[in-house]
Amino acid sequence: MHSIYSRVNNVSATLSTVVMILLAGIALSSALFTAHPTGTLDITSVKVFAGEARRYPHRRQEYAFVNFNITADLTTLFNWNTKQLFVYLEAEYTNAKGVRNEVVFWDRIIRRKEDAVIAVSGKNKYPFREVSAKFKGSTPANYTLKYNLMPYVGLLTYGEAVHSTEAIDYPPARERVE
């Protein structure tokens, strides 16, 4: 006859196996959903101003300020396994030294399907600066609204929701805000 410890061990092993199989099934079944988010992204203006670098008080650095309009329907990304959606606006360009940069300057976390229709008219949420100190000689930037889908169970999914229609060049830097 088996002891109580042996019986508890068998029951807990069986339950943990069933739970792991169930979680694997949930993760695999959410991979079957395909989503095609739609929307538009308009960059209304890009302005560049010279300023002082935060860590080096006597070093001059250029900062870009981007105004944009986003309308996007991301409801197709939500299913029963979606915990939250991290949405961010990214500028992609190559600087004068030939280094490819991807800069995130706006983001939002969406936790409910009802909040997944975005209509934002805004500006940078984070500083947008060139590490080499100047935007001069940089290629025109392409802007993209990207997302990171975080499920309850399974792998993170990355994707692109909306692209800007054309690359936008950086204007010459101004010394002060007008």
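Below, all heavy atoms of this structure are taken into account, side chains as well, without hydrogens, waters or symmetry copies.
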Fill in the blank from the handout: Sorted by chain and number, sequence neighbours left out, ring-ring contact (aromatic ring centres under 6.0 Å, His included) with Tyr126 holds for none
Problem - Aromatic centroids of Tyr88 and Phe86 separated by under 6.0 Å - result: yes
Exercise for the section: Output the distance between atom CD (Gln61) and atom CZ (Phe49), rounded to the nearest 0.5 Å. Expected result: 15.5 Å
Fill in the blank from the handout: Rounded to the nearest 0.5 angstrom, the CG-NE2 distance for Asp73 and His36 is 13.0 Å
Fill in the blank from the handout: Residue set satisfying side chain to side chain donor-acceptor pair (under 3.5 Å) with Asp115, at least two apart, ordered chain then number -> Arg112
Handout entry: Non-hydrogen side-chain atoms of Ile43 and Leu41 separated by less than 4.5 Å
Key = yes
Problem - Polar side-chain atom of Thr139 near backbone of Thr94 as donor-acceptor pair, under 3.5 Å - result: yes
Problem - Phe135 to Glu62 - nearest heavy-atom pair and separation - result: N-OE1, 2.7 Å
Problem - Transitive ILVMFWY side-chain link Leu15 to Ile4, under 4.5 Å - result: no
Fill in the blank from the handout: Here the gap from Thr40 atom OG1 to His163 atom NE2, rounded to the nearest 0.5 Å, amounts to 13.5 Å
Handout entry: CA sep, side-chain torsions, deciding dist, call: Asn9, Val11, side-chain contact (heavy atoms from CB on, under 4.5 Å)
Key = CA-CA 6 Å; Asn9 184 27; Val11 169; over 6 Å; no
Exercise for the section: Check whether Leu156 and Val87 end up in the same hydrophobic cluster, where Ile, Leu, Val, Met, Phe, Trp and Tyr are linked by side-chain heavy atoms less than 4.5 Å apart. Expected result: no
Practice task
Determine, using the 4.5 Å side-chain heavy-atom cutoff (strictly less than), whether Ile168 and Val103 are members of one ILVMFWY cluster.
Solution key: yes
Fill in the blank from the handout: Heavy atoms of Ala64 and Tyr170 approach each other most closely as CB-CE2, 4.5 Å
Fill in the blank from the handout: So OG of Ser121 and CD1 of Ile70: to nearest 0.5 Å the spacing works out to 9.5 Å
Exercise for the section: Decide yes or no for Thr44 and Phe68: does some side-chain heavy atom of the first lie under 4.5 Å from some side-chain heavy atom of the second? Expected result: no
Problem - Straight-line distance of Leu89 CG to Lys125 NZ, nearest 0.5 Å - result: 11.5 Å
Problem - Partner residues of Arg108 under the side-chain contact (heavy atoms from CB on, under 4.5 Å) criterion, sequence neighbours left out - result: Trp106, Ile110, Ile118, Val120
Practice task
Using a strict 4.0 Å threshold on nitrogen-to-oxygen distance, state whether Glu52 and Arg59 make a salt bridge.
Solution key: no
Handout entry: The single option from Leu22, Ile21, Leu23 passing side-chain contact (heavy atoms from CB on, under 4.5 Å) against Val19
Key = Leu23
Practice task
Mark yes when over 12 heavy atoms from residues, nucleotides or ligands other than Lys136 sit less than 6.0 Å from its NZ; otherwise mark no.
Solution key: no
Handout entry: Heavy-atom closest contact (Phe78 atom, Leu74 atom, distance)
Key = CD1-O, 3.8 Å
Exercise for the section: State which residues pass side chain to side chain donor-acceptor pair (under 3.5 Å) with Asp42; sequence neighbours excluded, sorted by chain then number. Expected result: none
Exercise for the section: For the residue pair Asn95 and Glu130, confirm or rule out a side-chain donor-acceptor distance under 3.5 Å. Expected result: yes
Practice task
Compare every heavy atom of Thr76 with every heavy atom of Pro37, then report the nearest pair and how far apart it is.
Solution key: N-OG1, 3.7 Å
Exercise for the section: Could you tell me whether the side chain of Ser45 reaches within less than 4.5 Å of the side chain of Val66, counting heavy atoms only? Expected result: no
Fill in the blank from the handout: Sequence neighbours excluded, the answer for side-chain contact (heavy atoms from CB on, under 4.5 Å) partners of Thr165 is none
Distance-only check: which donor-acceptor pairs under 3.5 Å involve side-chain atoms of residues 142-155, not counting sequence neighbours?
from, atom 1, to, atom 2, distance (Å)
Lys146, NZ, Glu90, OE1, 2.7

Exercise for the section: Quick one: pull up OG in Ser12 and CZ in Arg7 and give me the separation to the nearest 0.5 Å. Expected result: 14.0 Å
